[in-house]
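Please read these numbers as outputs of a predicted model, since none were measured by experiment. Each residue takes its place number in the sequence, starting with 1.
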Amino acid sequence: MTALFIVIGVVVVVLLAALILIARSRRAQGRPPAAPKSPTPTLEEPPPRVPILAPEREPEGAILAPEREPAVPTKPATKPGAGPLAEPAVEVEPEPATYRSRLGSVRGIFSGAVSALRGGRIDAATWDSLEEALIRADVGVRTTDALLADLKARVASKEIGSGTDLLSALGDEIRTLLDVPDSRQLRFAGDAGTVDVWLVVGVNGVGKTTTIGKLARQESGEGRSVLLAAGDTFRAAAADQLGLWAERSGVGIVRGAEGGDPSAIVFDAVQRAAARGNDLVLADTAGRLHNKVNLVEELKKIRRIADRDPGHVTEVLLVLDATTGQNALAQAKVFTEAVDVTGIVLTKLDGTAKGGIVIAVQRELGIPVKLVGLGEGVNDLVAFDPDAFVDALLGLD
């Protein structure tokens with residue numbers, strides 16, 4: 001009996017082992033093949049950087065003539081992604097900048113007062129509305145008081161009888177304030193054996209260097225041979241920025257080392273212009289030195305040296321930012337102490353600019369506003385037109 005039980009046990013064990021092997025075999029056949037193991041991740045080194053070499057500093061007074069004609073950006077002939085059968089895109093010339101199109105913000109300031117005046121009534125509310133509009137437009141308190149005092153006297157004497165007449169009279173009064181004895185034309189003597197020099201002054205950030213670049217483009221377009229002088233050696237990259245404008249305008253530039261003597265650069269530019277036969281030197285100047293005294297003395301020195309034979313300073317253009325309002329008037333007073341400013345260039349007279357600062361500058365300083373910037377385009381630096389300015393300011397026809 002014992003032997004029989006042993007045989008039965010062995011058979012059971014063998015059967016169980018066989019069943020286990022069969023189950024594992026079937027499980028292995030239904031399992032998907034194992035994915036190959038990915039290689040161990042390694043840190044890829046970035047491509048070696050190309051070393052950026054700092055430009056070699058030119059010796060003071062080095063002249064850089066343009067190596068090639070300025071590149072003029074062109075629009076693609078077809079729309080991006082269009083096939084060969086697509087019609088060529090028509091190039092649309094940008095709309096020329098006008099006072100009416102660019103003085104929308106300041107015209108909005110006057111809209112309430114103008115609407116009330118066209119309603120026909122003149123009362124205390126009319127004067128309050130006009131006063132608020134003029135001050136908000138950066139005309140200034142003193143200039144506003146002067147304007148309204150004269151108009152009130154004319155209303156009291158029955159010379160002005162309606163709101164429409166008052167609006168027209170306000171425009172005439174502003175035109176009178178903008179009338180200056182000096183010409184608004186840029187001075188260009190063109191005497192034989194001399195080089196005309198235009199000094200461009202102003203604090204940093206008002207658009208001084210950009211104004212010079214636009215002037216260079218415009219004057220060279222008029223057929224004059226222009227040379228730029230990078231006299232702002234105290235602002236980082238000022239000479240590089242002016243150099244870009246020189247390349248775009250196809251004119252030469254004289255520049256020196258950063259922190260060098262601005263007067264020496266301007267002097268060298270005048271001498272080289274005489275030797276090369278250039279008609280005009282446009283000189284950039286520092287807009288910020290250590291303090292006001294240093295700035296004033298530096299500008300006086302530049303003016304004296306630029307006026308030495310064969311140089312002849314025919315313009316000292318003060319660049320003011322229209323968006324700074326009454327601060328621009330304070331800046332103008334500082335610069336007129338240093339140099340004999342002959343004209344104002346009012347930049348950024350679009351967007352958020354109030355525009356009334358033009359009136360305040362003319363009345364307070366008696367210096368003609370010769371150029372205004374109505375936009376960022378090279379052709380948006382235009383001669384100041386008092387009539388167009390007043391019409392756009394008050395929405396007159």
Side-chain angles (χ1 to χ4, degrees), residues 72-73 91-111 114 133-134 136-139 171 174-175 177-180 183-186 198 200-203 205-222 241 244-245 248-249 282 315 317-329 331-332 341-362 365 367-397:
V72 179
E91 291 190 12
V92 179
E93 291 294 330
E95 184 179 344
T98 63
Y99 289 90
R100 190 170 293 275
S101 65
R102 301 302 171 90
L103 290 179
S105 61
V106 66
R107 190 163 56 250
I109 294 175
F110 281 94
S111 61
V114 169
L134 290 168
R136 285 180 59 202
D138 283 333
V139 174
I174 295 176
R175 288 184 179 90
L177 288 180
L178 293 175
D179 188 22
V180 291
S183 171
R184 296 186 191 277
Q185 295 293 324
L186 293 170
W198 293 355
V200 183
V201 302
V203 300
V206 296
K208 182 161 48 73
T209 304
T210 301
T211 296
I212 295 173
K214 292 180 179 180
L215 278 173
R217 185 76 169 268
Q218 294 177 4
E219 293 300 321
S220 60
E222 293 290 329
Q241 182 184 359
L244 290 176
W245 276 106
R248 293 171 188 168
S249 306
L282 293 173
E315 286 285 2
L317 300 174
L318 172 60
V319 181
L320 299 175
D321 183 344
T323 63
T324 61
Q326 292 297 307
N327 286 336
L329 182 59
Q331 294 169 17
V341 176
T342 60
I344 302 291
V345 180
L346 198 64
T347 63
K348 308 176 187 178
L349 195 62
D350 61 330
T352 59
K354 305 297 181 59
I357 189 61
V358 177
I359 306 168
V361 167
Q362 294 276 229
L365 302 177
I367 301 172
V369 176
K370 295 193 173 185
L371 298 168
V372 292
L374 297 178
E376 297 180 359
V378 67
N379 296 321
D380 291 342
L381 183 67
V382 300
F384 179 60
D385 184 341
D387 291 329
F389 171 76
V390 173
D391 291 345
L393 191 72
L394 301 178
L396 300 175
D397 296 329

Separation between NZ of K348 and CD of E376, rounded to the nearest 0.5 Å: 9.5 Å

N/O donor-acceptor pair under 3.5 Å between Q362 side chain and D179 backbone: no

Trace of the side chain to side chain contact (heavy atoms under 4.5 Å, CB included) decision for L393 with I174: CA-CA 10 Å; L393 191 72; I174 295 176; 4.3 Å; yes

Any donor-acceptor pair under 3.5 Å from K214 side chain to G377 backbone: yes

Nearest atoms (heavy-atom pairs only) where P368 meets V180: CB-CG2, 3.6 Å

Check: V372 main-chain N/O paired with T347 side-chain donor or acceptor under 3.5 Å: no

Check: T324 and D138 side chains under 4.5 Å, non-hydrogen atoms: no

Between OG1 on residue T210 and CG on residue L244, distance to nearest 0.5 Å: 10.5 Å

Student check: side-chain heavy atoms of I359 and F389 closer than 4.5 Å: yes

Contact summary for A328 and I357, nearest pair of heavy atoms: CB-CG1, 4.2 Å

Rounded distance [0.5 Å steps], CG in L349 versus CG in D380: 11.5 Å

From CD (E315) to CG (L282), nearest 0.5 Å: 10.5 Å

Nearest atoms (heavy-atom pairs only) where A388 meets Y99: CB-CD1, 3.6 Å

Side-chain touch L186/W198, heavy atoms, less than 4.5 angstrom: yes

CG on N379 to CD on Q218, rounded to 0.5 Å: 6.5 Å

Main-chain N/O of Q185 paired to K370 side chain as donor or acceptor, under 3.5 Å: yes

Qualifying residue, where the test is side chain to side chain contact (heavy atoms under 4.5 Å, CB included) with R184 and the options are L371, D385, L178: L178

Minimum side-chain heavy-atom gap V206-Q331 below 4.5 Å: yes

Closest approach of S249 to G213 (non-hydrogen atoms, all atoms of both residues): OG-O, 3.6 Å

Heavy-atom side-chain contact between L215 and L317 under 4.5 Å: yes

Inter-residue atom distance K208.NZ - L320.CG, 0.5 Å rounding: 12.0 Å

Minimum-distance pair of heavy atoms, taken over all atoms of A322 and L346: CB-CG, 3.8 Å

